[in-house]
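Counting starts at 1 for both ligands and their atoms, in listed order.
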Amino acid sequence: MNTNPIPFLDLVTPHVTLEKELTEVFTSVLRKASFIGGSYVENLEKEFAAFCDTKYAVALNSGTDAVRFALMAAGIKQGDTVVTVPNTFIATTEAISQAGAHIDFVDVDENTSSMSPQKLAEYFTQKCDFKNGVLVSKKTNSPVTALVPVHLYGQCADMDPIMELAAKYNLKVIEDACQAHGAQYFSKRQNKWLAAGSIGIAAAFSFYPGKNLGAMGEGGAVTTNDESIAKYVKMLRDHGQAKKYFHDIEGYNGRLDSMQCGFLSVKLKHLPAWNEQRRAHAAYYAKLLKEIPLVKYPVEPSWSKAVFHLYVIHVKNRDQLQQHLNDQKIATGLHYPLPLHLQNAYKHLGYKKGDFPVTEKLADELLSLPMFPELTDGQQKVILDEIKKR
Ligand SMILES: *Cc1c(COP(=O)(O)O)cnc(C)c1O
């Protein structure tokens with residue numbers, strides 16, 4: 001019997017460790033009462049752009065709005081169709097709908113859990129028509145204008161073939177990098193490692209507390225190398241104004257406040273080390289899990305350096321295993337138990353079970369094990385011993 005509970009993630013330790021620096025940010029903002037905008041915002045944007053190897057980063061109130069604003073700034077219009085995967089958090093598709101676009105899905109690859117380039121290629125030839133030279137989705141009967149690959153669990157989608165297909169069909173690529181701060185993708189086309197968030201025309205990040213880089217509240221960002229996209233996202237987050245009280249468009253209140261930006265700058269300095277710790281834990285899990293043939297564990301393709309936002313295994317008797325671990329006070333998660341095309345919220349899209357069989361199979365078998373920088377070898381051994389008992 002395991003007597004020390006093992007949490008799914010530890011949000012207390014990193015903040016207690018950084019308490020002095022974080023409190024300095026709080027005190028400084030408090031004394032100046034500069035709550036919105038200012039140097040903390042600008043500094044974070046510079047630092048995060050540098051971290052993602054992009055020219056620009058725009059701080060926002062959430063990752064969901066980051067996806068939405070990135071789509072809008074990339075020119076996705078009311079009535080367009082945007083293609084993504086059903087194996088993601090609903091924020092991805094909420095952002096597409098809220099940008100005014102229709103959602104179309106392609107299934108994922110069984111080994112990576114992310115967008116399958118092969119299924120994407122089939123989507124264009126089987127699920128689309130050319131009408132007057134425009135690529136139109138048969139399902140939505142509207143022009144397909146963008147792709148949103150999701151770098152799920154902290155591993156980049158296989159971007160080379162996705163970018164190639166996007167170029168062939170003249171589509172914008174917006175990366176949903178909300179789980180992938182610091183992940184790397186080796187591009188054979190460019191013969192170099194690329195940072196998540198620097199590959200598409202724009203990318204969205206989330207600073208939700210549990211993400212690899214988390215605020216002490218809500219937050220997000222758009223990264224891009226395109227100056228006009230960065231400018232447009234800045235207008236969208238600030239009521240459509242570039243100059244105070246002169247509104248070129250109707251925008252939103254999507255700003256990230258100064259205090260959160262200051263906190264994020266403190267934490268960003270530690271992110272490379274935290275990501276390395278996650279990678280080390282993943283390697284250790286893999287070493288231990290190798291001995292259990294019934295468990296499928298994440299294997300990085302040669303093109304991937306993942307940052308393991310989540311460590312997701314696949315097993316046939318998942319519910320039983322999760323119950324057993326729960327009984328042993330080992331916390332686990334399901335990311336995600338019900339594919340988006342089968343959610344009540346998307347009943348109107350008319351999908352049924354069997355439409356995306358890989359996503360559905362993964363959903364039945366996936367189980368997220370504890371994963372956070374402070375996880376210890378000892379805890380990982382306990383987890384593995386309990387998995388072996390099943
Ligand atoms: C967390 C997340 C989002 C949304 O981010 P929020 O900051 O919570 O709005 C979007 N997409 C994915 C894949 C996520 O994991």
Quick one: which ligand 1 atoms are inside 4.0 Å of a heavy atom on [X]?
{"X": "Thr92", "answer": "11 (N)"}
{"X": "Val150", "answer": "13 (C)"}
{"X": "Cys178", "answer": "2 (C), 3 (C), 10 (C), 11 (N), 12 (C), 14 (C)"}
{"X": "Gly219", "answer": "7 (O)"}
{"X": "Ala91", "answer": "3 (C), 4 (C), 10 (C)"}
{"X": "Thr88", "answer": "13 (C)"}

> Under 30°, 30 to 60°, or over 60°: which ring-plane class applies to Phe105 and Tyr346, parallel, tilted or perpendicular?
Replying inline: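 Phe105 vs Tyr346 ring planes: perpendicular.
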> When you look at CG of Asn170, are more than 12 heavy atoms from neighbouring residues, nucleotides or ligands closer to it than 6.0 Å?
Replying inline: no
> For Lys138, does the NZ atom have more than 12 heavy-atom neighbours from other residues, nucleotides or ligands under 6.0 Å away?
Replying inline: yes
Looking only at protein heavy atoms, which one is nearest to [atom], and how far off is it?
{"atom": "atom 14 (C) of ligand 1", "result": "Lys211 NZ, 3.2 Å"}
{"atom": "atom 15 (O) of ligand 1", "result": "Gln179 NE2, 2.8 Å"}
{"atom": "atom 11 (N) of ligand 1", "result": "Asp176 OD2, 2.8 Å"}
{"atom": "atom 8 (O) of ligand 1", "result": "Ser206 OG, 3.9 Å"}
{"atom": "atom 9 (O) of ligand 1", "result": "Thr64 OG1, 2.5 Å"}

>> For the OG1 atom of Thr17 and the NZ atom of Lys267, what is their distance to the nearest 0.5 Å?
In response: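 Reported value, rounded in 0.5 Å steps: 10.5 Å.
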>> Would Lys139 pass as a cation-pi partner of Tyr351, given that its NZ or CZ must be under 6.0 Å from the six-membered ring centre and within 45 degrees of the axis?
In response: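 Yes, cation above the ring, under 6.0 Å and within 45°.
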Is a side-chain donor-acceptor pair under 3.5 Å present for [Y] with [X]?
{"X": "Ser198", "Y": "Thr54", "answer": "no"}
{"X": "Asn141", "Y": "Lys131", "answer": "yes"}
{"X": "Asp327", "Y": "Gln323", "answer": "yes"}

> Is the shortest N/O to N/O distance between Gly63 and ligand 1 below 3.5 Å?
Replying inline: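 There is such a contact, yes.
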